[in-house]
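First listed ligand is number 1; within each ligand, the first listed atom is number 1. Excluded from the calculations below are hydrogen atoms, water molecules and symmetry mates; all remaining heavy atoms, backbone and side chain alike, are included.
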Amino acid sequence: MKRKLLWGLAGLVLAIGAVLLLGRGWLAERAFQRALDTSVGVDQSASLPDGINVYVCGSGSPMPDAARAGPCIGVLAGKQAFVFDAGSGSIRKLMRMGFPMERIQAGFLTHLHSDHIDGLGELLLQAWIGGSRGAPLPVYGPDGTDKVIAAETQLYDIDKGFRIAHHGPQVARPGGFGGTAQVIALPDGTDSQTVYDQGGVRITAIRVIHDPIKPAFGYRVDYKGRSVTLSGDTVYAPALVKAAKDTDLLLHEALNKRMIAALGAKLAERGRGDAAKIMGDIQGYHASPEDAARAANEAGAKALVLYHLVPAPPARLIEPLFLGDATKAYRGPLKLAQDGMMVSIPAGSEDVTFSKAF
Ligand SMILES: [Zn+2]
Ligand SMILES: [Zn+2]
C-alpha cells in the first residue's frame with residue numbers, strides 16, 4: 001500500500017514537471033505578447049497631465065555608477081519636449097521612460113564638461129531616427145557648443161551613410177541628421193535671458209558659477225503658470241536664486257564636501273596623489289546639499305530635488321550622511337534624484353507629484 005502511494009506521488013511530480021517544461025515555451029510566448037501589446041509603439045506620455053512633466057534621465061556625475069547615468073533632465077511642457085544635458089548612458093534611460101522623442105524641439109547644454117555631453121551623439125541619433133526628424137536638432141549652449149556639434153556631426157557621418165543606405169531616405173531622412181548649434185551669449189552684466197519662447201513655453205538661460213568653466217548656465221522652463229528650474233553645475237549662485245523665484249521645482253546639483261575630503265584623504269594615504277588632488281580641486285566649484293537647500297529656500301521653490309550627486313550615496317543608509325543639514329535648511333519636500341524619477345507639475349494646480357518610471 002505504502003509503495004503504491006510512493007509510486008503515485010512520484011508519478012504526480014513527474015507529470016507536473018512535464019507540464020511545466022512543455023508549458024514554459026507557451027508562458028514565455030504569452031509574456032512576450034503581453035509586453036508587445038502594452039508598450040511597443042504606445043505613447044506613454046499621452047496619459048500625463050497637461051503642464052510640465054520632468055524626466056530624470058541621469059542623476060549621476062563623472063563618478064562611475066552602475067545605477068546612475070550622467071546628468072540629464074528631460075522636460076515635457078505641454079506637447080513640446082526638451083532635453084537638458086546628455087550624460088553618459090542617459091538617453092537610453094530617457095527612452096526607457098517613454099519620453100516622446102518625436103516631439104523634441106531642442107536640446108540644451110548647461111556647460112561643456114564631458115560628463116554633460118558624453119551622450120550627445122546618442123541624443124542626436126535618437127532625435128533623428130527615433131524622432132523621425134527632417135531637420136537637425138537645435139542645441140542651445142555656451143560658447144563652444146558650435147565646435148562640439150560640428151565634431152559630433154563629423155563623428156557620426158559614416159553611421160549616417162549606413163543608416164540612409166539601409167533604411168532608405170524616407171525613413172532615415174538625410175536632412176534630419178545632427179544638430180544646429182544655438183550659442184547663447186549673455187551680455188556682460190546680464191545674468192539671465194529668454195532663449196526660447198514658442199507655443200507658450202519660455203526657457204530662460206541663467207548664468208551660474210562653475211569657475212574656471214565660463215560661462216556655465218542653469219535653465220528655467222515656464223509653461224501655463226508652472227515652472228521647473230535646473231542649476232547645472234554651480235556653487236551657490238545668487239543669479240540662480242533670483243531667476244528661480246517661486247519656481248515649482250528646483251533641481252540643484254550637490255556635492256558633499258566632507259565625504260569628498262574623506263575620499264581624497266584615503267586616496268592620498270594609498271599613494272594615489274593625482275586622484276587625491278582632483279578630490280580637492282572639485283570641492284571649489286560645486287554646491288553642498290546645504291547650499292542647494294539655502295538656494296531653494298531663498299528662491300521660495302516649492303520642491304527641491306538634488307541631482308548630479310557627488311558622491312552618489314550607494315545605499316539608503318548613507319543618504320542622511322550625504323544630506324547633512326540640508327533637511328533643516330529647507331522645509332519643503334526634498335528628495336535625492338534617482339534615474340527614472342518623474343515629477344508631474346500640472347497646469348492649473350499647485351501639485352508637484354513624484355513617481356517612478358522604473
Ligand atoms: Zn561641470
Ligand atoms: Zn558635472
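Under the side chain to side chain contact (heavy atoms under 4.5 Å, CB included) criterion, K160 pairs with W128, D157, I164, F177, not counting sequence neighbours. Among residues two or more places apart in sequence or in another chain, the side chain to side chain donor-acceptor pair (under 3.5 Å) test is passed with D222 by R220.
For CG of D197, the number of neighbouring non-hydrogen atoms (other residues, nucleotides, ligands) closer than 6.0 Å is greater than 12.
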Can you give each donor-acceptor pair under 3.5 Å made by side-chain atoms of residues 278-301, sequence neighbours left out, with the distance rounded to 0.1 Å?
residue: D281; atom: OD1; partner: K277; partner atom: NZ; Å: 3.0
residue: D281; atom: OD2; partner: K277; partner atom: NZ; Å: 2.8
residue: Q283; atom: NE2; partner: M279; partner atom: O; Å: 3.4
residue: H286; atom: ND1; partner: E253; partner atom: OE1; Å: 3.4
residue: H286; atom: ND1; partner: E253; partner atom: OE2; Å: 2.5
residue: S288; atom: OG; partner: E290; partner atom: N; Å: 3.4
residue: S288; atom: OG; partner: D291; partner atom: N; Å: 3.0
residue: S288; atom: OG; partner: D291; partner atom: OD1; Å: 3.4
residue: S288; atom: OG; partner: D291; partner atom: OD2; Å: 3.1
residue: E290; atom: OE2; partner: D325; partner atom: N; Å: 2.9
residue: D291; atom: OD2; partner: S288; partner atom: N; Å: 3.0
residue: R294; atom: NE; partner: E298; partner atom: OE2; Å: 3.1
residue: N297; atom: ND2; partner: A329; partner atom: O; Å: 2.2
residue: E298; atom: OE1; partner: Y236; partner atom: OH; Å: 2.4

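H210 contributes atom NE2 as its closest N/O/S atom to the Zn ion (ligand 1).
At a threshold of 4.5 Å between non-hydrogen side-chain atoms, the residues P142 and L112 count as touching.
For the Zn ion (ligand 2), protein N/O/S neighbours under 2.8 Å (waters excluded) are D115 OD2, H116 NE2, D233 OD2, H308 NE2.
F82 has its ring centre less than 6.0 Å from the ring centre of Y196.
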